[in-house]
Novice: 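My questions all concern the structure below.
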Amino acid sequence: MNDKGTLILSGLGLNCERETAYACTAAGGSRVEVRHSLDLLSGKVSLQDYDFLIFIGGFLDGDYLGSGRVGANRYKYSANGEGELKDQLAEFSQAGNLVLGICNGFQLMVKLGLLPFEELATGGQSVSLTHNSSGIFEDRWVHLGINPKSKSVFTEGCSRFYLPIRHGEGKIVVGSPEAEAKLLSQNLDLLYYTDDQGQRTDHYPENPNGSWKQIAGLTNARGNVMGLMPHPEAYNHYTNHPHWTRLPQGQEEGEGLVFFRNAYRYLKS
Amino acid sequence: MNLHRLEVGLKPHLEDPIGNKVAQKFKTQGFAVEAIRVVEVYLIESNQIKDKAALNQLNQKLFLDPVLHQLEPSSLFGDRLDFDWMVEVSFKPGVTDNAGKVAKENLELLLPKPFGPGEGVASALAYLIQGKLSLAQVEQASEKILLNNLIQKKIVISKADWPQEKAKLHYFPTPKVDGLVQVERLDCGSVEKVMLHSTERLLALSQAEAEVITAYYQDPKVLAHRAEIDLGPVPTDVELECIAQTWSEHCKHKIFNAQVSYQNEKGGTEEIRSLYKTYIQGSTKKIRQNLGSKDWLLSVFKDNAGVVRFDPDYSLAFKVETHNSPSALDPFGGALTGIVGVNRDSFGTGMGAKLIANTDVFCFGPLDYNKPLPKKLMHPTRIFEGVRKGVEHGGNQSGIPTVNGAICFDEGFVGKPLVFCGTLSVMPAKHFGRPSEEKQAHPGDHILMVGGRIGKDGIHGATFSSLALDESSPVSAVQIGDPITQRRMFDFLWAAKEEDLFTCITDNGAGGLSSSVGEMAEGPGGAKLYLDRAPLKYAGLQPWEIFVSEAQERMTLSVPPQKVARFLALSQEMLVESTDLGEFTDSGYLDLFYQGKPVASLQMAFLHDGLPPMSIPAQWTPPAQVPVAFEVQELGQMVRQILARPNVCSKERVIRQYDHEVGGGSVIKPLGGLSNDGPNDGGVIRPVLESNRGVALSNGICPKFSALDTYHMAANAIDEAIRNLVAVGADPDQIVGLDNFCWPDPVLSDKTPDGPYKMAQLVRACRAINDYCLAFGVPCISGKDSMKNDANLDGKKISIQPTLLFSGLGIVPEIGLCLTHDFKRPGDWIYLLGQTKAELGGSELFSQLGLSGGLVPQVDAVTAKDRYQRLHQAIKAKRLASVHDCSDGGLAVTLAESAFGGGLGAKLQLAPLLGTSGLSPAELLFSESASRLLVTVAPQHQPAFEALFAGTPCYPLGLVTQEPQLVALNGPTTLFDEPLDGLKTAWQGTLGGRQASAIVF
């Protein structure tokens, strides 16, 4: 692979295309394209021309019927000249291309069955995301830890993050004890909420949504597919940090770009 | 038609956070419930779904989440779940139902064909309540918490009645089509007849306007023209409605353009021809002349928003709107519509601009208001929660960060809340080589309406907002916005813009098509529009209703004929409805047709310039301003009490529910400091992510000074907005403002005997804009007025305090130099910049003590401007560690907030300043004198800092301390010595902070 192209899908209520495209370009993406989701559904855009697909944040269909639900249905039940969309997506991830879902994009991927177990082709869904325990949407910055045993292209070499969350439905729920065991044994619980000392916590607001096992992000077993509730693209510049005026000035780039840098390093290697 | 009911509910073992929140609201209001679970309901009318088996299959494939939900085979959760009461809430027919719309699209994914006429989906929520409540209690709680009767209806069923009553749940809200669709003729032969129509049809026409209308329809030239086109001499309802919309206060700003006779306090009379032209446009014009070649204003007062240059490649558009009357009736829908409405304004400026920031300011009645409320009014807490939620939906779902805002409380706002929504947008400086801010429809261009369909929602919004709220206020004046449809429309319009498919664009806001087409037709000089081509939500709309409906999410564009086909194709491709309604002409007439026949033909000149200016008397009697004696025994306790006051307290719980960083350009957020919970002064973003040049937004609003003198109220608002911008790093020489007036009716009448005083208050506020904008060199670029903020209910009149919101926009040359309010390091010196005087009139201290009168703070623009320029120099030279604006609550509050933000204490010695100023400690701590800032300076920068401010009021007060304690001394005497913790708890307690409070958001 060689950074063939990055496809950022927008439209239908999605809204983080501008900063996600900026983050990709700033992190070294050489061909970053923002296209309307309908262009992929209709076949105007083909996944074959890309090796990095990003489902961005936003409010697909206003979150009505549950976040990402109708968006997932569109991919599950649509077809174009290249066949069924769900097969195209499943093949894309199975081929080892990179797929990243942020916030609403993560919700969409989980409801598609693309994360954490790659059940899309069979129509399964073992995990879901639902309303925060607080019952409210919140914008706040959270500390994140990384499961050292997880395999992920995106978080290689990292141990902790500080990123904003902005969601009302970020609580991970797993459908069965078997799925829980499988998820943990395969170390698919990539990112988790911590306190400012790096300790996992269920305490609100450090764990902002009451997520199962404090999970903030999931990976697939192979490590090329990741979804997370926090927004790395919103920490693209040091001035995005909520109290940067208190900190010694380091590099101009925001730490959220690490995810994207890792992605392009992998694609170009 | 087959009617189906589909329910989506959580599996029993899963927590229901939404139900829990509702239960908490019940408990807070004194209704003893054990638990509430919420079930989503979709009512479907479609022959494409044959039976229950087919329905269940669709439910499983499209609606149910296999992890969260379970299929209820009977489709009724009530059959199995434990409950005492079930309350189902659905929208009344015709009300915008966003969930229903999404559910319909969802179903269409698997149905053989799209829904046709007669088919549809409606949503509802069923609350299954466990708790020993009486029927009366359930009814009461539902009305208070679960629904708004204006737009929703409920079904209540007890467990005992469930078996026989559950059949009631089989329903569908079909809009009633009443009567014939026809054009009525309205005899306007006399002024009395016109006035009768006006009252009957809620047209808000005045006697003088009725005279002009009567005369127009008697003009032989007009009659000849009408005979020629076979329209007949008698005006149609379409025409009269169109005239009333175009001439409404809301659209034409008659009060601001009136001839005013102003009697000043000395008894002399001054004649003012248009407050707007004289003071607002007038001051901007002079400032631009003074700027000469440095003028960075591109388009002012003529488009949907004002436009200024950001850098050589980009321009910024900024607009703030109010949506007060609808928010009083339906706080959620009103506020949501307000935000998505101003979004369209900022989007539809020039050839189109991308929305990058929202700012919201609310004024409510006191949250602890406990006097009896007139029938139609909601309690301030309910309005607050609804408005908050409306703006949350509007801003968050549209993907626009809410970067800044304010919330004010005053008893006058019980009658009408004020909801100000503002939006900043960015556009490339050039559009296909032409300046982006310019646009023009040409004769022959087609009229394209894009976005949502037309319904009865929002009919008479413009005329309604031009009247006081009373018992007859119409339901149809309420709309519910649909941010998702709007977002799709914007996505499409941006694509159309990039293909250069249109020549002009504007919003369909107040007045609907009558306003958008009417305004766009002014350039080419006429328009021909076929009303029957307009897409309708349901049948049965009268032609006049089509023309004036304010149904949301619509924009009007002019498209050259050769581009219409491509425009329509692209629209369809992007799932957006666009309709070719007619064309612009140079005929001099606005011609409307319905089913092939002319239904209106109005001279453009009459429509736009036919309105006679009003004459309004104004008389200024200044309220006595005398110092009021007072004493504060326990200063420490008073600091705590002031910090807990609603105007001062932490708004974190509200702020966190707004996305304030989508877009990725956030630089200074609403909250900052060590624990991200201190209040920053202005919001700063990077509008162009590739550039380190920023833009700051701020608000100045202080209705609390209006009772003393609106001149100084306005001056303080302007100063506050500018001060907040400079505090975060904006260049004081690159600031512009927006003026938004919300006034009680100032026109003398039987209902308003004190009109001349209120009009004089308006004159004085406008003069302050003129004087202070000129003195600061800060021009207004756009503005708005809402002039009838009164409620006449149960024989009582409640008027708001006259209010000016001054919204500031400032350029931040280098975002890396931005500063925040929080103390940074122990050992830094604390300075107060600016003069403190015994100006406690309207202050938080006086309100806390129940005192009225006193001296209103006055702004000295010359020294203030000098101070702001020096401050900017100090910021550029990196001499400062923190800057915080000194306003509500005075020095004590500013100090406490800077300490909260830094997690650090302070020790102040106030003896020198008390000595030289002659103030009492309470006056120094709580005076709200204007133009002051609290800054901290590291010891190594002290000499350079003091040199910069030499010869100006700049007072060292003490040091930042590690110990989290606020200490103020007067010589050896301790004025107060308070642990930071206790102060912060008081400050965060009122509106929840991180804990739940009396209001459940």
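The structure displayed is predicted, hence computed values, not measured ones. All values below come from the heavy atoms of this structure, side chains included, with hydrogens, waters and symmetry mates left out. Residue numbers begin at 1 in each chain, while the letters A, B, ... track the order of the sequences.
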Novice: Please state whether the side chain, the backbone, both or neither of A:H231 comes within less than 4.5 Å of a heavy atom of chain B.
Specialist: neither
Novice: Heavy atoms only, distances under 4.5 angstrom: which of B:E690, B:K11, B:R686 has the most pairs with chain A? Name it, please.
Specialist: B:R686
Novice: In terms of heavy-atom proximity below 4.5 Å to chain B, should A:I56 be classed as side chain, backbone, both, or neither?
Specialist: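 Neither part; nothing is under 4.5 Å.
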Novice: Heavy atom to heavy atom, less than 4.5 Å: which residues from residues 9-24 of chain A reach chain B?
Specialist: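 Result: A:G11, A:L12, A:G13, A:L14, A:N15, A:C16, A:E17, A:R18, A:E19, A:Y22.
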Novice: Between B:H821 and B:D681, do the side chains contain an N or O donor and an N or O acceptor separated by less than 3.5 Å?
Specialist: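 Not at all, the side chains of B:H821 and B:D681 share no donor-acceptor pair under 3.5 Å.
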Novice: Does a donor on one side chain and an acceptor on the other come within less than 3.5 Å for A:D195 and A:T201?
Specialist: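 No donor-acceptor contact under 3.5 Å links the two side chains.
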Novice: Do the ring planes of A:W141 and A:Y235 sit parallel (below 30°), tilted (30 to 60°) or perpendicular (above 60°)?
Specialist: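 Perpendicular, since the angle between the ring planes exceeds 60°.
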Novice: Would you check if there is a donor-acceptor pair between the side chains of A:E233 and A:N236 at a distance under 3.5 Å?
Specialist: no
Novice: By the salt bridge (Lys or Arg N to Asp or Glu O under 4.0 Å) test, which pairs, at least two apart or in different chains, include something from residues 120-130 of chain A?
Specialist: none
Novice: Would you call the rings of A:W244 and A:Y238 parallel, tilted or perpendicular if under 30° counts as parallel and over 60° as perpendicular?
Specialist: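 Aromatic pair A:W244/A:Y238 classed perpendicular.
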Novice: Can you tell me if B:D659 and B:N396 form a side-chain donor-acceptor pair at under 3.5 Å?
Specialist: no
Novice: Could you tell me which portion of A:H36 (side chain, backbone, both or neither) has an atom closer than 4.5 angstrom to a non-hydrogen atom of chain B?
Specialist: side chain
Novice: Answer with side chain, backbone, both or neither: which region of A:N132 has an atom nearer than 4.5 Å to a non-hydrogen atom of chain B?
Specialist: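 Backbone of A:N132 only, per the 4.5 Å heavy-atom cut-off to chain B.
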Novice: Counting only heavy atoms closer than 4.5 Å, note whether A:S126 contacts chain B via side chain, backbone, both or neither.
Specialist: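 Answer is backbone: N, CA, C or O of A:S126 sit under 4.5 Å from chain B.
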Novice: Pairing donors with acceptors under 3.5 angstrom, does anything connect the side chains of A:E138 and A:Y204?
Specialist: yes
